[in-house]
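Treat the numbers as computed from the prediction; the structure is a model and nothing was measured.
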Amino acid sequence: MTETTKPAPADIRAFRAENPKMRERDIAAQLQISEAALVAAEVGIAATRIDGSALKLLERVAELGEVMALSRNESAVHEKIGVYENITAGPHASIVLGENIDLRIFPNRWAHAFAVSKKDGDQERLSLQYFDKAGNAVHKIHLRPDSNVEAYRAIVRDLSLDDQSQEFNADPTPSSMDENGEVTRDELREHWSKLTDTHEFFGMLRKLKIGRRAAVRTVGDDYAWQLDNTATAEMMQAAVTAGLPVMCFVANNGIVQIHSGPIFNVQPMGPWINIFDPTFHLHLRQDHIAETWAVRKPTKDGHVTSLEAYNAEGEMIIQFFGKRKEGTDERDDWRSIMENLPRAGTSVAA
């Protein structure tokens with residue numbers, strides 16, 4: 001839809017009322033609007049515009065007590081139940097390093113926010129929902145039975161904006177890094193071989209002006225080898241069987257959300273593969289995975305191996321590592337799982 005033909009807030013609400021069982025992201029896609037525009041249409045009814053600053057949220061969020069933190073991209077939803085603690089806030093990058101809620105936040109990507117109240121029978125479901133300039137969801141905080149509702153209402157009151165418009169005007173999403181950097185394979189391998197920490201990887205990509213998928217495709221199979229697209233599900237099941245703790249990263253342009261620990265209850269449902277654990281839920285669209293790679297990076301403690309799944313546009317959907325302590329080598333059981341996953345072109349149908 002063009003800017004001149006986008007649905008009015010009343011039309012958005014009417015469509016929602018006519019499709020009560022449709023998921024919000026599906027409604028937004030059907031109407032060709034952003035998810036933020038969908039929420040904005042409820043301002044004054046079930047939503048309140050609040051300050052979209054991540055830094056202002058981080059000043060107050062611990063007051064809520066136990067909540068569910070939700071971060072997602074188009075293909076994966078990552079949910080963690082816990083409290084926001086050990087917060088280090090900065091204008092360019094902020095960290096939440098709690099026992100359960102572990103986040104890397106990029107505040108300059110956060111732009112809009114709403115406090116949302118939904119009726120579910122006799123229950124009132126409260127949340128704080130944050131979006132980027134284009135209206136894409138960045139992070140959501142859902143209250144739970146033991147959350148501090150008084151603190152929530154105080155936060156909403158203090159962060160409420162004068163502008164309570166139901167209209168949402170999106171700014172276009174900035175273009176991503178060029179996938180086709182002119183770096184040669186030898187130059188890439190030279191830089192790759194000198195890595196001493198996984199956190200240096202993104203800086204290397206920026207320096208060489210190459211996208212992540214282009215790098216793993218180029219570097220050579222001693223550092224990166226392509227897996228069959230069933231490998232993510234097989235890795236999850238193998239980790240459950242082995243009792244192996246993993247690190248699971250899901251990111252969008254404003255946040256990275258991390259689970260660190262064992263996983264227990266893995267369930268496929270249609271195109272989704274899910275984890276339903278007491279404090280960790282994951283929902284991954286397997287049919288969105290276009291390429292899967294095992295990626296090996298040198299560090300000062302020896303190499304570490306990740307599983308990375310990419311969509312058709314070359315964007316990383318999800319990433320896994322074996323959990324390890326800083327200063328120790330990678331676990332042998334994680335390496336064994338990764339090295340024995342089916343490689344691209346070798347999978348045999350059942």
Side-chain angles (χ1 to χ4, degrees), residues 54 57-58 61-62 64 66-90 92-107 109-110 130 137-142 197-203 205 212 232 235-236 239-240 243-266 273-285 292-295 297 299 301 304-310 315-328 330-331 334 337-338:
L57 170 67
L58 293 175
V61 67
L64 296 174
E66 184 185 85
V67 293
M68 183 183 78
L70 185 155
S71 300
R72 69 166 300 158
N73 54 43
E74 288 292 332
S75 306
V77 185
H78 192 297
E79 302 169 350
K80 288 289 289 187
I81 296 168
V83 298
Y84 286 72
E85 55 191 349
N86 298 323
I87 298 170
T88 303
H92 302 295
S94 299
I95 297 174
V96 178
L97 202 56
E99 180 179 352
N100 280 332
I101 297 179
D102 186 354
L103 309 171
R104 307 294 178 269
I105 293 168
F106 310 105
R109 303 291 180 85
W110 296 40
Y130 288 79
V138 173
H139 189 57
K140 298 181 182 181
I141 300 168
H142 292 271
D197 189 291
T198 57
H199 298 100
E200 297 173 356
F201 190 73
F202 185 67
L205 298 179
R212 189 181 198 109
T232 303
M235 178 276 297
M236 288 183 187
V240 172
L244 173 67
V246 299
M247 299 183 73
C248 172
F249 296 71
V250 168
N252 56 52
N253 71 347
I255 200 165
V256 182
Q257 185 161 309
I258 306 163
H259 164 77
S260 298
I263 55 176
F264 301 99
N265 185 10
V266 176
I273 187 163
N274 307 279
I275 296 173
F276 296 111
D277 286 349
T279 62
F280 174 45
H281 306 151
L282 178 73
H283 313 287
L284 172 64
R285 282 289 296 261
T292 309
W293 290 83
V295 182
K297 305 182 188 77
T299 76
D301 304 316
V304 297
T305 315
S306 59
L307 183 147
E308 302 180 359
Y310 294 81
E315 301 162 333
M316 189 163 67
I317 295 170
I318 196 165
Q319 181 184 46
F320 292 88
F321 289 88
K323 185 181 178 183
R324 68 184 183 96
K325 291 182 179 179
E326 193 73 24
T328 63
E330 184 170 63
R331 293 174 59 126
W334 171 253
I337 288 173
M338 290 299 299

For this session: I would like to know whether Thr299 and Glu200 meet side chain to side chain contact (heavy atoms under 4.5 Å, CB included); could you show each step before the answer?
Result: CA-CA 10 Å; Thr299 76; Glu200 297 173 356; over 6 Å; no
For this session: Start with the C-alpha gap between Arg109 and Val138, add the side-chain angles, then the distance that decides, and say whether side chain to side chain contact (heavy atoms under 4.5 Å, CB included) holds.
Result: CA-CA 8 Å; Arg109 303 291 180 85; Val138 173; 5.7 Å; no
Exercise. Going through the checks in order, is the side chain to side chain contact (heavy atoms under 4.5 Å, CB included) test met by Ile141 and Leu57?
Worked result: CA-CA 11 Å; Ile141 300 168; Leu57 170 67; 3.8 Å; yes
Problem set entry | Criterion side chain to side chain contact (heavy atoms under 4.5 Å, CB included) on His139 and Leu103, from CA distance to verdict | CA-CA 10 Å; His139 189 57; Leu103 309 171; 4.0 Å; yes
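Shown here are the side-chain contact (heavy atoms from CB on, under 4.5 Å) partners of Glu74, two or more places apart in sequence or in another chain: Arg25. Taking the side-chain contact (heavy atoms from CB on, under 4.5 Å) definition, one finds that Glu85 meets it with Val83, Glu99, sequence neighbours left out. By the side-chain contact (heavy atoms from CB on, under 4.5 Å) test, Pro107 is found to be paired with Ala54, Leu55, Ser94, Ile105, residues two or more places apart in sequence or in another chain being considered. With sequence neighbours excluded, the residues that form a side-chain hydrogen bond (donor to acceptor under 3.5 Å, both in side chains) with Asp102 are Arg104. Partners of Asn265 under the side-chain hydrogen bond (donor to acceptor under 3.5 Å, both in side chains) rule, at least two apart in sequence or in another chain, are Gln267. The ring pair (Phe, Tyr, Trp, His ring centres under 6.0 Å) test applied to His283 returns Phe276, not counting sequence neighbours.
Between the Asn73 side chain and the Ala251 main chain, a donor and an acceptor come within less than 3.5 Å of each other. Between the side chain of His259 and the backbone N or O of Gly261, at least one donor-acceptor pair lies under 3.5 Å. Asp277 contributes no side-chain N or O that, together with a main-chain N or O of Thr279, makes up a donor-acceptor pair within less than 3.5 Å. Under a 3.5 Å cut-off, the side chain of Trp334 and the backbone N or O of Thr305 do form a donor-acceptor pair. No donor-acceptor pair closer than 3.5 Å links the side chain of Glu308 to the backbone N or O of Val295.
When side chains are defined from C-beta on, Met338 does not count as touching Glu330, because their heavy atoms never get closer than 4.5 Å. Between Thr232 and Ile273 there is no side-chain heavy-atom pair separated by less than 4.5 Å. The closest side-chain heavy-atom distance from Val61 to Val96 is not below 4.5 Å. A heavy-atom distance below 4.5 Å is not found between the side chains of Ile81 and Asn100. Annotation: side chain of Glu315 is not in contact with side chain of Ser75 (no heavy-atom distance under 4.5 Å).
The CD atom of Gln257 sits 12.0 Å away from atom CZ of Arg72, with the distance rounded to the nearest 0.5 Å. Interatomic distance, CZ of Phe106 versus NE2 of His92, reported as 12.5 Å (0.5 Å rounding). For the atom pair CD of Gln319 and OH of Tyr310, the computed distance is 7.5 Å after rounding to the nearest 0.5 Å. With values rounded to the nearest 0.5 angstrom, His142 atom NE2 is found 4.5 Å from Met68 atom CE. The NZ atom of Lys323 sits 5.5 Å away from atom OG of Ser260, with the distance rounded to the nearest 0.5 Å. The line from CZ of Arg285 to CD1 of Ile318 is 14.0 Å long, rounded to the nearest 0.5 Å.
Using a 30° and 60° split on the angle between ring planes, Phe321 and Phe249 fall in the perpendicular class, above 60°.
In terms of heavy atoms, Ile337 sits closest to Ala239 at CD1-N, 4.2 Å. Taking every heavy atom of both residues into account, Ile87 and Leu58 meet most closely at CD1-O, 3.9 Å. Taking each heavy atom of Lys140 and Ala137 in turn, the nearest pair found is CE-CB, 4.0 Å. Of all heavy-atom pairs spanning Gly98 and Asn86, the tightest one is CA-ND2, 4.5 Å. In terms of heavy atoms, Thr198 sits closest to Lys297 at CG2-CD, 4.3 Å. Here the shortest heavy-atom pairing between Ile263 and Met236 reads CD1-O, 3.8 Å.
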